[in-house]
Amino acid sequence: MSSATEEKKRASSSRDVNTPANAPFGGRLLLDESAVFEQNAWDHATWGEEQEQHARDQIERQSKDPVPEELKETYHTEAADYWNKFYAKNENKFFKDRHWLRIEFPELFQMIEKDAGEKNVMEIGCGAGNTMFPLLIESKNPKLFVYACDFSSTAVDVVKSNAEYDPNRGKAFVWDLAGDDIPPEVEPESMDVLVLIFVISALHPDKWEQAMNNLYKLLKPGGLIVFRDYGRYDMAQLRFKKNRLLSDNFYVRGDGTRVYFFDSNEIVKLFGSKFTIEQNAVDRRLIVNRLRKVKMYRVWLQGKFRKPLAGQEPGAPAATTVETTGDAREGQEAGEDAEVAMVDTVLSLETPLDSPATSGTATPAETLS
Ligand SMILES: C[S@@+](CC[C@H](N)C(=O)[O-])C[C@H]1O[C@@H](n2cnc3c(N)ncnc32)[C@H](O)[C@@H]1O
C-alpha cells in the first residue's frame, strides 16, 4: 500500500475527519506536508527515515560526552533531594487540571461515580497531586479514598497544603516506589487503581523490578495500573546536551532530576511478566511553532496493565500496539527541561489558551521551570 493510501486509510478510520477548522484532538492529521505550519499541533505524526537518522545522530552525539563517572553516583543517591529542591523552587506551580485524564483513563473516573462503592486509588510519584485533586474534586462517591505518595517530602508537603486536601478522603505520605516493601500506610492487595504518570521514567533502571514487585503487592487481583510516560526519541531526549547522559536513554536534567525514555517493547518486558497488558500505545505528536517555523516531535507512551485474578496467569501480552491515542492534550509535567518549556511557552503565547490549536502545549503557568 502506498504511504498516501495508508494515510488516507488512517484518516478515515480515525474517530474524526480532519477539517482544520473543527478538527478535534486526535483527529488533526497532517495529510499535506506543505500545510504543516497552518496549525499548532498535529496528531499521529509519522516519522520518515530522515527523522529517524536525526534521532540516532543525536543519541550518538550524546554518547560521546556522558555524565562524568565520578558525578553519576550523586544523582542516584540524592535523587529525592533533587526532587525536593525542584518542588521547593516551584512550589505548586505544577498543579494543573489535566482534562485528558478523563478521556484517556475513564477507568479512573469510574471510581468516582456515586454508586461505585468502596474504592481505593493511589497516585504514585504524585508530585503536586495532579490526579488526586481532580478525583477528589469531582468525586460523587462517598466511599472513594485517594492515596498520594512521593519520595520527595517537599512534594508531599505541597499536596498536604492544597486547600482541597482532606484527610477524611485521602492521604498523602512519603514513600519510595523502589523501596524494599509497600508503605505501612496501606494494606497489601488493597488498591483498585494505581496511577503512574511520568514516574517510572524517574527511576534508575536497576530499580524497575523492585518497583514492579511493589506495584503487584499493592493492587487487588483484577486491579488496574494506568501509565503515561516519556517515549523513545521524544524531543526532550534528543535535545539533551553534553554531560547529561547517565546510561542508555537515561539522563539527568539541569536541576539534577533524572529521566528515562522508554521504548514500547520495554514496557511489555517490564509489566508483561506480572500484569495483563490491556493497552501499550505510542502517542506521537508534532507541535509546531508557526512563528519560528520550528517543528517539535513529542513521543509519549500510554499503558493499562491489569493484575490477573487469583490463580490466573497474566494474559499473553498483546503484541506491542503502536498506535496513537492523540487525546492526551498536554504532555508537560513537572521536571520538563527548561529548554523545552521555553519553546512551549513561546508557543502557548502565540494563540489564545482556550484555542484547540494550543492543545499539546503547556500553559505559561505549566512552563515556569
Ligand atoms: C516527573 S515528576 C511527575 C509528577 C506527577 N506524577 C505529575 O505527572 O505531575 C516525577 C515524580 O516522581 C517522583 N519520584 C521519583 N522517583 C520516585 C520514587 N522512587 N518513589 C516515589 N516517587 C518518586 C518525583 O519526586 C516526582 O514528583
Side-chain angles (χ1 to χ4, degrees), residues 75-98 100-101 104-105 108 121-135 146-159 162 172-183 185-186 194-215 218 225-230 234 236-237 250-253 255-262 300-302 328-338 340-341 362-363 365-369:
Y75 292 125
H76 302 322
T77 51
E78 292 175 22
D81 280 342
Y82 283 112
W83 279 109
N84 280 338
K85 284 185 193 126
F86 172 85
Y87 287 109
K89 185 172 162 212
N90 296 294
E91 292 173 5
N92 59 356
K93 281 180 206 141
F94 284 95
F95 179 70
K96 43 195 170 295
D97 191 8
R98 290 178 163 154
W100 57 262
L101 274 177
E104 298 296 330
F105 300 133
L108 195 49
V121 173
M122 185 167 173
E123 182 181 12
I124 301 176
C126 61
N130 282 319
T131 301
M132 176 190 230
F133 292 116
L135 286 178
V146 184
Y147 296 87
C149 61
D150 200 292
F151 79 161
S152 157
S153 56
T154 314
V156 171
D157 289 343
V158 168
V159 171
N162 188 306
F173 53 90
V174 174
W175 180 57
D176 181 352
L177 164 62
D180 291 341
D181 208 347
I182 63 168
E185 286 84 352
V186 298
L194 299 176
V195 180
L196 298 175
I197 297 184
F198 297 110
V199 61
I200 300 292
S201 57
L203 301 181
H204 190 294
D206 288 353
K207 306 278 187 179
W208 291 348
E209 201 177 326
Q210 181 55 31
M212 291 301 121
N213 292 338
N214 288 336
L215 295 171
L218 284 167
I225 295 175
V226 295
F227 163 90
R228 192 163 170 91
D229 221 320
Y230 287 110
D234 177 52
Q237 174 175 18
F250 192 39
Y251 300 80
V252 61
R253 301 182 179 97
D255 60 8
T257 61
R258 304 168 305 172
V259 58
Y260 188 89
F261 296 83
F262 290 95
W300 296 287
L301 300 189
Q302 184 170 298
R329 303 176 188 193
E330 80 28 55
Q332 281 253 299
E333 40 66 63
E336 189 86 297
D337 68 306
V340 173
T363 65
E366 290 161 9
T367 57
L368 292 172
S369 61

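Please read all numbers here as calculations on a predicted model, not as lab measurements. Note that ligands are numbered from 1 as they come in the structure, with each ligand's atoms numbered from 1 the same way.
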Problem - N/O separation below 3.5 Å, Trp83 to ligand 1 - result: no
Practice task
Could you tell me which residues satisfy side chain to side chain donor-acceptor pair (under 3.5 Å) with Asp229, sequence neighbours excluded, listed by chain and number?
Solution key: Ser201
Practice task
Indicate yes or no for a side-chain donor-acceptor contact from Asp176 to the backbone of Phe151 under 3.5 Å, with no hydrogens or angles considered.
Solution key: no
Completion exercise
At under 4.0 Å between heavy atoms, what of Trp175 touches ligand 1? The answer is backbone
Practice task
Heavy-atom distances under 4.0 Å are what count here, so tell me which part of Cys126 touches ligand 1: side chain, backbone, both or neither.
Solution key: backbone
Exercise for the section: Measure the shortest side-chain to side-chain distance between Leu177 and Leu215 over non-hydrogen atoms and say whether it is less than 4.5 angstrom. Expected result: yes
Exercise for the section: Mark up the atoms of ligand 1 that fall under 4.0 Å of a heavy atom belonging to Ser152, in ascending order. Expected result: 25 (O)
Completion exercise
In ligand 1, the atoms that come under 4.0 Å of a heavy atom of Gly127 are 27 (O)
Handout entry: Glu123, any N or O under 3.5 Å of ligand 1 N or O
Key = no
Problem - Atoms in ligand 1 flagged as close to Asp176, the criterion being non-hydrogen separation under 4.0 Å - result: 18 (C), 19 (N), 20 (N)
Practice task
Compute the shortest N/O to N/O distance between Leu177 and ligand 1 and return yes if it is under 3.5 Å, no if not.
Solution key: yes
Handout entry: Ile124 contact mode with ligand 1 (heavy-atom cut-off under 4.0 Å)
Key = neither
Handout entry: Donor-acceptor contact present, side-chain Asp255 to main-chain Tyr82, <3.5 Å
Key = no
Handout entry: Contact atoms of ligand 1, heavy-atom distance to Arg98 under 4.0 Å
Key = 7 (C), 8 (O), 9 (O)
Problem - Polar proximity ligand 1 side, Asp150 side, N/O cut 3.5 Å exclusive - result: yes
Exercise for the section: Could you grab the distance from atom OG1 of Thr131 to atom CG of Leu194, nearest 0.5 Å is fine? Expected result: 12.0 Å
Problem - Aromatic contact, Phe198 with Tyr230 (centres under 6.0 Å) - result: yes
Problem - Distance-only N or O hit between ligand 1 and Ala202, under 3.5 Å - result: no
Handout entry: Heavy-atom donor-acceptor pair, Arg258 side chain to Val252 backbone, under 3.5 Å
Key = no
Practice task
Measure the distances from the heavy atoms of Phe86 to every atom of ligand 1 and state whether one is below 4.0 angstrom.
Solution key: no
Practice task
Flag the pair Phe262 / Trp208 as yes when their ring centroid distance falls below 6.0 Å, and as no otherwise.
Solution key: yes
Exercise for the section: Would you tell me which option among Phe151, Tyr87, Tyr82, Phe198 has the nearest heavy-atom contact to atom 22 (N) of ligand 1? Expected result: Phe151
Handout entry: Distance-only donor-acceptor check, side chains Gln210 and Asn214, under 3.5 Å
Key = yes
